[in-house]
Every structure is written in structure tokens, then in C-alpha cells.
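Below is one structure; the comments refer to it alone.
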There are 2 protein chains.
Amino acid sequence: MSTVGLQLRELREKAGFSLRKAAVAIDIDVAILSKMERGERKFSKELVVKLADLYKTNSDKLVIDYLSEKVLYELGDEEFGLEALKVAEKQLIYKKINTHG
Amino acid sequence: MSTVGLQLRELREKAGFSLRKAAVAIDIDVAILSKMERGERKFSKELVVKLADLYKTNSDKLVIDYLSEKVLYELGDEEFGLEALKVAEKQLIYKKINTHG
DNA sequence: AATGCTTTTGACAATATTAGTCAACACATA
DNA sequence: TATGTGTTGACTAATATTGTCAAAAGCATT
């Protein structure tokens, strides 16, 4: 269940693009796009953004979901996954406070 | 700055193992262990646990830190990293509630 | 049925990434 | 010198990811 894939598929259909047209527009093989939408292959962030642009949609939420999926994939069904996420969050917040930019 | 690496280095020294002895004990090349402790190479979870065992330490916190580092590495300096972590957390919690085990 | 479009599938090659091996180096100390 | 410490870089091997292609399958329409 790749929510990014499903979301992008819906967006594509609403925007009236066939799989082929969309694939050509962002310069990838149609087979890859097909697989990505169905969660059989991973997206790259670049492609997510390109597709969002193509469909005239803001990409922020899609990117966030994309990253979230990536993180969850990395964690697998790890026993301490939740704890790890909380630690990671703390680190990020700490970093955010103590950096310029 | 790999906290897992530093933690394991301290633990090793406190446990009185030389790099070579520890590497032999867990059956890896000493060069790899050296690099891992200094954050030049990634650990695997298996090695973290093996080392914790060798040093007679509970591995839970180390594993959590290991996973956290892995996640943060994946996110890089992504603008929406924090948001992604929060989404991932929600997913995990949701999953935890709705599964047996 | 035949055409023309769609999407899916699998096989394969090309690339990139990661992991493992080894020898040499530098430093300290007995 | 000889022994033990940790570090470094070059190299190979193993794995994973990505890209390419052709064929197949689905679905309307003519």
C-alpha cells in the first residue's frame, strides 16, 4: 500500500494524463511509472516533485508522505521503531534550533 | 558524529577489549570495526547487538540510537524531515493498535 | 475480428552502492 | 627491536538499484 503511488495515480487521472503521456513528460520509461504508482518500485523525490508539477499540484504533502514511507520502509517491523522515531525527532528539533538556515 | 559508534567505543574500552580482540570476537575485520566506531562506515543492527552482548550491556538503547541514526541519515537535510517523521509515527502507532503482535 | 489505445509484466543489462579483504602505516611502550 | 595499539587506502566481491525493451493483456471502438 503505497499512498504516494495511489495519490499520484489519482492526480494523473484527474489531470487527464495517460501513463504514457505522463512518463514521456517527465522523461522516464512507462514501465517504471506504472510500477511506481502501484508501489512495486520506489519513487525518487525528484520524480514525485516532477509529477506533482505536471499535475499542477503542490508537492509538499506528497513529498512528506514519500519521505514517511521511505522511513517506515527502512524501519521494517523493528521492535523499537517508534522509540527510534521519537529519538530522531528530538535530534531534528535540536538541530533545527541550533542552526542558521 | 555517530553516537552509536562513540558509545560502542567507550563500552569496548571499559570492557577492556582492544579493537582487534573485539573484532575477532564478533568475527569481522578490524578495519571495519575501526571505521564503524568512528562513523566512517555504517553498522548493521546485528553487529550492534553482538558488540553489546560482548560488552555485557543491554542493547536496547543502542539499537534505538542505531535506528534513529539510520533514519536521520535517510532524511538528510530534507526540508520536511520533521513532518515526515511525525507522519511516520502516526502510521506506526496506528499499525500497532490494529495488529496482533 | 481487427485496430488502436491503454497498462502490466518479466527478462535482461547497466550502474551504483555496500560489504569484505588485505597490507601497510604510525604510534607507543616494553 | 619486537609487540600491541588503532588508522588508512586500495582493491575485490557481493548486492541492490535503476534503466531498457519487448511482449502480453485489457478495453473500447470500428
Side-chain angles (χ1 to χ4, degrees), chain A residues 1-52 54-55 62-63 65-78, chain B residues 1-52 54-55 62-63 65-78:
Chain A
M1 168 206 61
S2 160
T3 93
V4 174
L6 294 181
Q7 287 179 68
L8 282 171
R9 169 152 289 193
E10 281 194 20
L11 286 170
R12 173 173 62 77
E13 287 166 349
K14 280 182 188 161
F17 283 92
S18 75
L19 208 47
R20 263 178 217 288
K21 295 272 174 62
V24 168
I26 64 169
D27 193 37
I28 61 170
D29 192 290
V30 62
I32 294 180
L33 185 55
S34 169
K35 285 167 186 166
M36 283 176 170
E37 284 187 352
R38 285 171 300 114
E40 202 179 305
R41 279 217 188 174
K42 294 177 198 163
F43 278 100
S44 68
K45 186 197 161 190
E46 288 65 38
L47 290 186
V48 170
V49 172
K50 274 189 185 177
L51 288 171
L54 182 63
Y55 308 147
L62 286 164
V63 168
D65 286 349
Y66 158 73
L67 292 170
S68 165
E69 277 178 20
K70 198 170 148 191
V71 161
L72 288 173
Y73 176 82
E74 281 296 319
L75 285 179
D77 61 349
E78 178 58 51
Chain B
M1 169 207 60
S2 161
T3 93
V4 175
L6 294 180
Q7 286 179 70
L8 282 170
R9 169 151 289 193
E10 280 194 20
L11 286 169
R12 174 173 61 78
E13 287 167 350
K14 281 182 186 161
F17 282 93
S18 75
L19 209 47
R20 282 193 164 77
K21 294 273 174 61
V24 167
I26 64 169
D27 193 37
I28 60 170
D29 191 289
V30 62
I32 295 180
L33 185 54
S34 169
K35 286 166 185 167
M36 283 176 169
E37 285 187 352
R38 287 172 298 113
E40 202 178 306
R41 279 221 189 172
K42 294 178 198 163
F43 279 100
S44 69
K45 185 196 162 190
E46 287 65 37
L47 290 186
V48 171
V49 172
K50 274 190 187 177
L51 287 171
L54 182 62
Y55 307 147
L62 285 164
V63 168
D65 286 347
Y66 158 73
L67 292 170
S68 164
E69 276 179 20
K70 198 171 150 192
V71 162
L72 288 173
Y73 175 82
E74 281 298 319
L75 286 180
D77 59 350
E78 178 57 50

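Numbered from 1 within each chain, the chains take letters A, B, ... in sequence-line order.
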Task: Derivation of the side chain to side chain contact (heavy atoms under 4.5 Å, CB included) call for A/Met36 and A/Leu8 - done: CA-CA 9 Å; A/Met36 283 176 170; A/Leu8 282 171; over 6 Å; no
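- Note on B/Arg9: a side-chain N or O is less than 4.0 Å away from OP1 or OP2 of D/dT7.
- Protein atom CZ of A/Arg12 is 12 Å distant from nucleotide atom C1' of C/dT8, rounded to whole Å.
- To the nearest angstrom, P of C/dT8 lies 9 Å from CG of A/Leu33.
- A salt bridge is absent between A/Glu69 and A/Lys42; no separation between the charged side-chain nitrogens and carboxylate oxygens falls under 4.0 Å.
- Remark: C1' of D/dG6 and CD of B/Glu10 are 17 Å apart, rounded to the nearest angstrom.
- Exactly one of A/Leu62, A/Leu51, A/Leu6, A/Leu54 qualifies for a side chain to side chain contact (heavy atoms under 4.5 Å, CB included) with A/Leu11. That residue is A/Leu62.
- The line from NZ of A/Lys50 to OG of A/Ser44 is 8.0 Å long, rounded to the nearest 0.5 Å.
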Open item on the list: Run A/Leu67 and A/Val71 through side chain to side chain contact (heavy atoms under 4.5 Å, CB included) and show every step you take.
Closed with: CA-CA 6 Å; A/Leu67 292 170; A/Val71 161; 5.5 Å; no
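- For the OP1/OP2 pair of C/dT8 and a distance below 4.0 Å, the side-chain nitrogens and oxygens of A/Ser34 include at least one atom meeting the criterion.
- No N or O donor and acceptor, one from the side chain of B/Arg20 and one from the base of D/dG4, sit under 3.5 Å apart.
- When the nucleotides D/dT5, D/dG6, C/dT9 are ranked by their closest atom to the side chain of B/Leu19, D/dG6 comes out on top.
- Between A/Glu37 and A/Arg12, at least one side-chain nitrogen of the basic residue sits less than 4.0 Å from a carboxylate oxygen of the acidic one, meeting the salt-bridge criterion.
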Shorter than 3.5 Å, N or O on both sides, protein versus nucleotides 17-23 of chain C: list them out with atom names.
| residue | atom | partner | partner atom | Å |
| --- | --- | --- | --- | --- |
| C/dT18 | OP1 | B/Lys42 | NZ | 3.0 |
| C/dG20 | N7 | B/Arg41 | NH1 | 2.7 |
| C/dG20 | N7 | B/Arg41 | NH2 | 3.3 |
| C/dG20 | O6 | B/Arg41 | NH2 | 2.9 |

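- Remark: C1' of C/dT8 and CD of A/Glu40 are 8 Å apart, rounded to the nearest angstrom.
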